[in-house]
Amino acid sequence: MVKSLISLAVLGTLVTPAVYAAETTKTETKEESNWSMTTNMGFVSDYRARGVSQTWRKEAIQAGIDLTHSSGFYIGAFGSNVSPNTYPKANVELDLYAGYNGEIKAVEGLGYTVGAIGYFYPNGSWNKYNGFADNRTANAEVQQTPNGGRWDTYEANAGISYKWVSAKGSVTLGDWYGAEQSTGWTKSTRGTTYLELNAAIPTPLDGLTLIGHVGRLNVNGQLDAAYTAAPIPGTSIGGGLPSGPNASLSGALNPDYTDYKVGLSYAFKVLNADGWNAGLYYIGHNNDNYWGSRGYGGASFNGSIEAKNLNKDAAVFTLGRTF
């Protein structure tokens, strides 16, 4: 796996000094800023987004930055390496997000959030996906989606939380990762939803938290079984849905699934420096037909002979620090 180095711009806050004069003495003070900034860096043994491996079940280096205002407004960015086996020609995922977190004062511990996020994959799109034409030409690649859309995806989200439990819903504002009729789907996938329930339960051991998650993806559309891809130039051989030697053997056209995660998160110090966190989680989801090695989602979109279960249940280790 080619690991990408993530370079993120660090935002700063401007603190304006106020100078006061009083007869023979001058006292200089600084106004307290309403803004606060945190940055983070981390390592994961497998980058799982909503239960699906983004790194071909391999490691990832990640980094992020968050800027928050005392009013509840926030803006931030996150970056990670991803696998070009899943995102052709793309090695990096960059997320940009903003929103507002607030409290419902009538009930202590009750909060809400609204926001939007963009997932970007520089240089990556469906029209860079090469598959195999058919069994007779297993070594010949074909550009199956010459008019395909970009992987870039935009979502709006809203959620509510009470103490250590939270619920959130997200909906795509455009096509779900470029899935549209020109890329072999029955229709535009705008309006795809993801609903999730999360829990972070404190334990008697200081710094140790029990983490739980369950989510449900509902894609607004599915693969079109009648879709015919572009033929190999200079031949009469067409493409079709297969994206590798084992792709589509399961016959799965529907990518919807339920995913889950359970594990422990531990906050600790290193040489009196706080902000460190380690986690160990068990992650997976229930759609092996589409996301497994014999399904469309588990095949290499670069025409590789390798395929993987991108949703295979696995233990995932994380280590990071917030500054």
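With no hydrogens or angles considered, no side-chain donor-acceptor pair links Tyr87 and Asn123 at under 3.5 Å. A side-chain donor from one of Ser188 and Asp175 sits under 3.5 Å from a side-chain acceptor of the other. Judged by distance alone, the side chains of Ser265 and Thr209 never bring a donor and an acceptor atom under 3.5 Å apart. A donor and an acceptor atom, one from each side chain of Ser53 and Arg48, are nowhere located under 3.5 Å apart. Between Asp313 and His285, the side chains place no donor N or O within less than 3.5 Å of an acceptor N or O (distance only, hydrogens not considered).
Here the rule is side chain to side chain contact (heavy atoms under 4.5 Å, CB included) with Leu223, and of Leu253, Asn254, Thr183 only Leu253 fits it.
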- Trace of the side chain to side chain contact (heavy atoms under 4.5 Å, CB included) decision for Gln62 with Met41: CA-CA 6 Å; Gln62 304 175 333; Met41 293 192 67; over 6 Å; no

- Message: Please determine whether side chain to side chain contact (heavy atoms under 4.5 Å, CB included) holds for the pair Tyr177 and Arg150, giving the CA-CA distance in whole Å, both sets of side-chain angles, and the decisive distance to 0.1 Å.
- Response: CA-CA 7 Å; Tyr177 293 90; Arg150 297 184 63 82; over 6 Å; no

- Query: Taking it one step at a time, do Thr186 and Asp224 satisfy side chain to side chain donor-acceptor pair (under 3.5 Å)?
  - Reply: CA-CA 5 Å; Thr186 54; Asp224 184 358; over 6 Å; no

- Verify side chain to side chain donor-acceptor pair (under 3.5 Å) between Asn309 and Asp288, making sure each step is shown before the conclusion. CA-CA 7 Å; Asn309 286 14; Asp288 289 329; 5.0 Å; no

- Message: If you apply the rule side chain to side chain contact (heavy atoms under 4.5 Å, CB included), what do you find for Val165 with Leu197, and how did you get there?
- Response: CA-CA 8 Å; Val165 66; Leu197 182 65; 4.1 Å; yes

- Checking side chain to side chain donor-acceptor pair (under 3.5 Å) for the pair Asn198/Lys261: CA distance, chi angles, key distance, verdict? CA-CA 9 Å; Asn198 302 287; Lys261 177 172 80 170; over 6 Å; no

- Message: Under the criterion side chain to side chain donor-acceptor pair (under 3.5 Å), I'd like the reasoning laid out for Thr322 against Asn277: C-alpha separation, chi angles, the key distance, then a yes or no.
- Response: CA-CA 8 Å; Thr322 300; Asn277 185 279; over 6 Å; no

- Between Asn289 and Asn287, is a side chain to side chain contact (heavy atoms under 4.5 Å, CB included) present by the stated rule, with each step listed? CA-CA 6 Å; Asn289 288 332; Asn287 186 345; 3.8 Å; yes

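Leu310 places none of its side-chain heavy atoms less than 4.5 Å from the side chain of Gln54. Within the 4.5 Å cutoff, side-chain heavy atoms of Ile211 are placed close to those of Tyr281. Residues Asn81 and Asn91 have side chains not in contact (no heavy-atom distance under 4.5 Å, counting atoms from C-beta outward). Contact of the Thr189 side chain with the Glu180 side chain is not registered, since no non-hydrogen atoms from C-beta on lie closer than 4.5 Å. Side-chain contact between Trp35 and Phe73 is present, with at least one heavy-atom pair separated by less than 4.5 Å. A heavy-atom distance below 4.5 Å is found between the side chains of Asp152 and Tyr121. In this structure, the side chains of Asn220 and Lys187 come closer than 4.5 Å at one or more pairs of heavy atoms. Contact annotation: the side chain of Trp291 never approaches that of Tyr296 to less than 4.5 Å [non-hydrogen atoms, C-beta and beyond].
Thr258 and Asn286 make their closest contact through N-OD1, 2.9 Å (heavy atoms, listed as atom of the first residue, atom of the second, distance). Closest heavy-atom contact between Ile283 and Gly51: CG2-CA, 4.0 Å. When every heavy atom of Pro255 is checked against every heavy atom of Val219, the shortest pair comes out as CG-CG2, 3.6 Å. Considering every non-hydrogen atom in both Leu195 and Gly169, the closest pair reads CD2-CA, 3.8 Å. Nearest heavy-atom pair, Ser80 versus Ala60, reported as atom, atom and distance to 0.1 Å: OG-CB, 3.7 Å. Closest non-hydrogen pair, Leu210 versus Thr203, comes out as N-CG2, 4.0 Å.
Judged by distance alone, with hydrogens and angles left aside, the side-chain atoms of Thr172 form a donor-acceptor pair with the main-chain N or O of Gly191 at under 3.5 Å. Distance alone, capped at 3.5 Å, is enough to place a donor-acceptor pair between the Lys308 side chain and the Trp56 backbone. Between the side chain of Thr153 and the backbone N or O of Trp151, at least one donor-acceptor pair lies under 3.5 Å.
Side-chain heavy atoms closer than 4.5 Å link hydrophobic residues (I, L, V, M, F, W, Y) into clusters, and following such links, possibly through other members, connects Trp176 to Tyr119. By the criterion of side-chain heavy atoms lying less than 4.5 angstrom apart, applied directly or through intervening Ile, Leu, Val, Met, Phe, Trp or Tyr residues, Trp276 is not grouped with Phe323; the two fall into different hydrophobic clusters. Tyr266 and Val316 end up in different hydrophobic clusters when Ile, Leu, Val, Met, Phe, Trp and Tyr side chains are linked at under 4.5 Å. By the criterion of side-chain heavy atoms lying less than 4.5 angstrom apart, applied directly or through intervening Ile, Leu, Val, Met, Phe, Trp or Tyr residues, Ile117 is grouped together with Tyr47 in one hydrophobic cluster. Side-chain heavy atoms closer than 4.5 Å link hydrophobic residues (I, L, V, M, F, W, Y) into clusters, and following such links, possibly through other members, connects Val214 to Ile201.
A tilted orientation is assigned to the rings of Tyr112 and Tyr100, their planes being inclined by 30° to 60°. The aromatic rings of Tyr290 and Trp185 sit tilted, their planes meeting at an angle between 30° and 60°.
Remark: Asp95 CG to Phe78 CZ distance equals 6.0 Å, nearest 0.5 Å. To the nearest 0.5 Å, atoms CG (Leu217) and OG1 (Thr193) are separated by 7.0 Å. Between Leu173 atom CG and Arg190 atom CZ the span is 8.0 Å, to the nearest 0.5 Å. A distance of 4.0 Å separates CG of Leu110 from CD1 of Ile104, quoted to the nearest 0.5 Å. Separating the OG atom in Ser36 from the NE2 atom in His69 is a distance of 9.5 Å, to the nearest 0.5 Å. The CZ atom of Phe43 sits 5.0 Å away from the CD atom of Glu59 when rounded to the nearest 0.5 Å.
Other residues sharing a hydrophobic cluster with Tyr282 under the 4.5 Å side-chain heavy-atom criterion for ILVMFWY residues are Tyr260, Val262.
The salt bridge (Lys or Arg N to Asp or Glu O under 4.0 Å) search around Lys312 returns none, not counting sequence neighbours.
Counted within 6.0 Å of CZ on Phe268, heavy atoms from surrounding residues, nucleotides or ligands total more than 12; the atom is thus considered enclosed.
A salt bridge links Glu155 and Arg50; the closest N-O separation between the charged side-chain nitrogens and carboxylate oxygens is under 4.0 Å.
The aromatic ring centres of Tyr154 and Phe120 sit less than 6.0 Å apart.
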